[in-house]
Number of protein chains: 2
Amino acid sequence: MTAQRRVVAEVLDGEHVHLTADEVHSRAVTKLPEISRATVYNTLGELVSLGEVLEVATDKRAKRYDPNAHRPHHHLVCARCGAIRDVHPTGDPLADLPASERFGFTVSDVEVTYRGVCPNCAAA
Amino acid sequence: MTAQRRVVAEVLDGEHVHLTADEVHSRAVTKLPEISRATVYNTLGELVSLGEVLEVATDKRAKRYDPNAHRPHHHLVCARCGAIRDVHPTGDPLADLPASERFGFTVSDVEVTYRGVCPNCAAA
DNA sequence: AATCAACTTGGACTGAATCCAATGCGGGGG
DNA sequence: CCCCCGCATTGGATTCAGTCCAAGTTGATT
């Protein structure tokens, strides 16, 4: 546990939004000016493999990092502005995939992305 | 409708797999050697806005293009090799998102990605 | 045959992410 | 207490996907 990793963890923990790696980096820089982008990427990668943080790839722009890895949830994305909210649907989508549709895969996870237009963009 | 667009459409129609733009391009080149990457991107973009083809962004590598746009379906992705299969779950995930979880969004679409390990990779 | 708009081309450019060689740092053994 | 080794960090170069743009073609219309 180095100063750099602590700073990255703090940034993620501080704001419960979905930051890009570059956003994490620029916030980290304010706390530890000499931290490099490579280290942010490394640390984010480790946090992801530790299961502490989730990668979200809702658009094909930058990946976003979701610190809320422990409570299962899905995402609601605005098609206009890209805003992301965590949502908790009822029901279990995994149960909706019958064995005949699994093609021998060992299915371990499911990711649901709802798309729509947020109130802000709808008003504009 | 130009020769270039016909070729792109043929490539997509020919193999019902999920190709990247570059894969579409290299297949298109075998049929029409002077076709450029830019044209493939343009044409894919148009097909997407016409609703003839779907973009799939399962990982953060290249977008993939799914010619099966007319029958609603979702995707099952192998976490190891990246293979993608179309699947048809039962139930309607849109119905599983209560109004209280919509935060005022006009929700129009939902995309479900199942992740697991395919039989091939499980064997290896 | 002339005109003009739409399409295509290819090369430059951008943004995101990764790679890599060099440097720095910290903790354990002497 | 100091040195040394290994791991972490750095930052610059590189890759990869995708977009942009100015110039060149094509083809439809008249």
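Every chain is numbered from 1, with letters handed out A, B, ... down the list of sequences. Predicted model only: the values in this text are computed from it and were never measured.
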Problem - Interface limits on DNA chain C, where chain B has a heavy atom under 4.0 Å of a nucleotide atom - result: C:dC7 to C:dG10
Exercise for the section: Compare side-chain N and O positions of B:Gln4 against OP1 and OP2 of D:dT26 and report whether any pair is under 4.0 Å apart. Expected result: no
Exercise for the section: State whether A:Thr2 places a side-chain N or O below 4.0 Å from either non-bridging phosphate oxygen (OP1 or OP2) of D:dT9. Expected result: yes
Practice task
Could you pick out which residue, B:Arg61 or A:Ala38, lies toward the 5' side of DNA chain D when each is mapped onto its nearest nucleotide?
Solution key: A:Ala38
Handout entry: base_contact_polar (D:dG18 base, B:Arg37 side chain, donor-acceptor, <3.5 Å)
Key = yes
Exercise for the section: Using whole Å, report how far CG of A:Leu47 lies from C1' of D:dA8. Expected result: 14 Å
Practice task
Compare side-chain N and O positions of A:Lys63 against OP1 and OP2 of D:dA17 and report whether any pair is under 4.0 Å apart.
Solution key: no
Practice task
Mark yes or no for whether B:Arg102, through its side chain, and B:Leu97, through its backbone, hold a donor-acceptor pair below 3.5 Å.
Solution key: yes
Fill in the blank from the handout: Residues joined to A:Val77 in its hydrophobic cluster, side chain to side chain under 4.5 Å directly or through other members, sorted by chain and number, are A:Ile84
Fill in the blank from the handout: In whole angstroms, the gap separating P of D:dT26 from CD of B:Glu34 amounts to 10 Å
Handout entry: Distance, rounded to the nearest Å, where A:Leu44 contributes CG and D:dA8 contributes P
Key = 15 Å
Fill in the blank from the handout: On a heavy-atom basis, the closest approach of B:His73 and B:Asn68 is CE1-O, 2.7 Å
Problem - Heavy-atom donor-acceptor pair, A:Arg64 side chain to A:His18 backbone, under 3.5 Å - result: yes
Exercise for the section: Keeping the roles fixed (side chain from B:Glu101, backbone from B:Pro98), state whether a donor-acceptor pair exists under 3.5 Å. Expected result: no
Completion exercise
The residue, B:Ala3 or A:Ala62, whose nearest nucleotide of DNA chain C is more 5′ is B:Ala3
Practice task
Using heavy atoms and a sub-4.0 Å distance, could you list which residues of residues 20-31 of chain A are near DNA chain D? By number, please.
Solution key: none
Exercise for the section: For the pair A:Ser49 (side chain) and A:Gly45 (backbone), establish whether a donor and an acceptor sit closer than 3.5 Å, ignoring hydrogens and angles. Expected result: yes
Fill in the blank from the handout: In short, A:Phe105 meets B:Cys78 closest at the heavy-atom pair CE2-N, 3.7 Å
Exercise for the section: Using only side-chain N and O atoms of A:Thr39, determine if any of them is under 4.0 Å from OP1 or OP2 of D:dT10. Expected result: yes
Problem - Residues, nucleotides or ligands: over 12 heavy atoms within 6.0 Å of B:Asp92 CG - result: yes
Practice task
Please figure out whether A:Tyr65 or B:Val40 has its closest DNA chain C nucleotide nearer the 5' end.
Solution key: B:Val40
Problem - Gap between atoms CG and C1', on B:Asn42 and D:dC20 respectively (whole Å) - result: 10 Å
Exercise for the section: Ignoring hydrogens and angles, tell me if any N or O in the side chain of B:His75 forms a donor-acceptor pair with the backbone of B:Glu111 under 3.5 Å. Expected result: no
Problem - Distance in angstrom units between B:Arg64 CZ and D:dA17 C1', rounded - result: 12 Å
